[in-house]
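Let me begin by presenting the structure, written as structure tokens, before commenting on it.
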Amino acid sequence: MKTIYDIQQFLKKFGTFIYIGDRVADLELMEAELKELYNSQLIETKDYQSAILLIRQEIRMEREKNANKKR
């Protein structure tokens with residue numbers, strides 16, 4: 001997985017569609033869903049690790065962008 005879109009498509013395979021309207025909240029919910037799938041042993045470690053890393057990077061970038069807007 002290389003993009004957030006890839007993660008969304010991956011989650012759709014498990015019947016998970018996420019859209020709240022707040023980008024950071026969407027990403028956090030995706031992270032929680034991935035953790036649940038991983039803990040249930042439904043996804044591979046490699047997929048879990050790459051998706052979580054990508055999501056956390058995106059969350060960090062979104063928060064920095066939002067912090068810069070407030071200044």
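Note that CD1 of Ile18 and NZ of Lys12 are 11.0 Å apart. Values are rounded to the nearest 0.5 Å. Rounded to the nearest 0.5 angstrom, Glu62 CD and Ile4 CD1 are separated by 9.0 Å. The distance from the CG atom of Asn66 to the CE atom of Met61 is 11.5 Å, given to the nearest 0.5 Å. Taking CG of Leu29 as the start and OH of Tyr19 as the end, the distance is 13.5 Å to the nearest 0.5 Å. For the atom pair CE (Met1) and CD1 (Ile52), the distance works out to 9.5 Å, reported to the nearest 0.5 Å. The structure places CD1 of Ile7 at 13.0 Å from NZ of Lys2, a figure rounded to the nearest 0.5 Å.
The nearest pair of heavy atoms linking Leu34 to Ala51 is CD1-CB, 3.6 Å. The nearest pair of heavy atoms linking Asp26 to Gly21 is OD1-N, 3.7 Å. Shown here for Lys35 and Tyr48, the closest heavy-atom pair between the two residues is CG-OH, 3.3 Å. Residue Phe10 comes nearest to Phe14 through the heavy atom pair O-CD1, 3.4 Å, listed as atom of the first residue, atom of the second, then distance.
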For this session: Just do the salt bridge (Lys or Arg N to Asp or Glu O under 4.0 Å) check on Glu28 and Arg63 with the steps written out, would you?
Result: CA-CA 12 Å; Glu28 289 172 344; Arg63 287 189 173 148; 2.4 Å; yes
Exercise. Which is it for Glu64 and Arg60 under the salt bridge (Lys or Arg N to Asp or Glu O under 4.0 Å) test, yes or no, and what are the steps along the way?
Worked result: CA-CA 6 Å; Glu64 288 173 5; Arg60 188 175 346 103; 5.3 Å; no
For this session: Report the C-alpha separation of Thr45 and Tyr38 in whole Å, then their side-chain angles, then the decisive distance to 0.1 Å, and conclude whether the side chain to side chain contact (heavy atoms under 4.5 Å, CB included) test is met.
Result: CA-CA 7 Å; Thr45 303; Tyr38 180 72; 3.5 Å; yes
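Shown here is Glu36, whose CD atom has no more than 12 heavy atoms of other residues, nucleotides or ligands within 6.0 Å. Taking a 6.0 Å sphere around CZ of Phe17, one finds it holds more than 12 heavy atoms contributed by other residues, nucleotides or ligands.
Both Ile55 and Ile20 are part of a single hydrophobic cluster, where members link through side-chain heavy atoms under 4.5 Å apart.
Between Arg23 and Ile59 there is no side-chain heavy-atom pair separated by less than 4.5 Å. The closest side-chain heavy-atom distance from Leu37 to Leu11 is below 4.5 Å.
In terms of the side-chain hydrogen bond (donor to acceptor under 3.5 Å, both in side chains) criterion, residue partners of Asp6 (sequence neighbours excluded) are, by chain and number, Thr3.
Between Leu27 and the choices Gln57, Arg56, Glu58, the side-chain contact (heavy atoms from CB on, under 4.5 Å) rule is met once, by Glu58.
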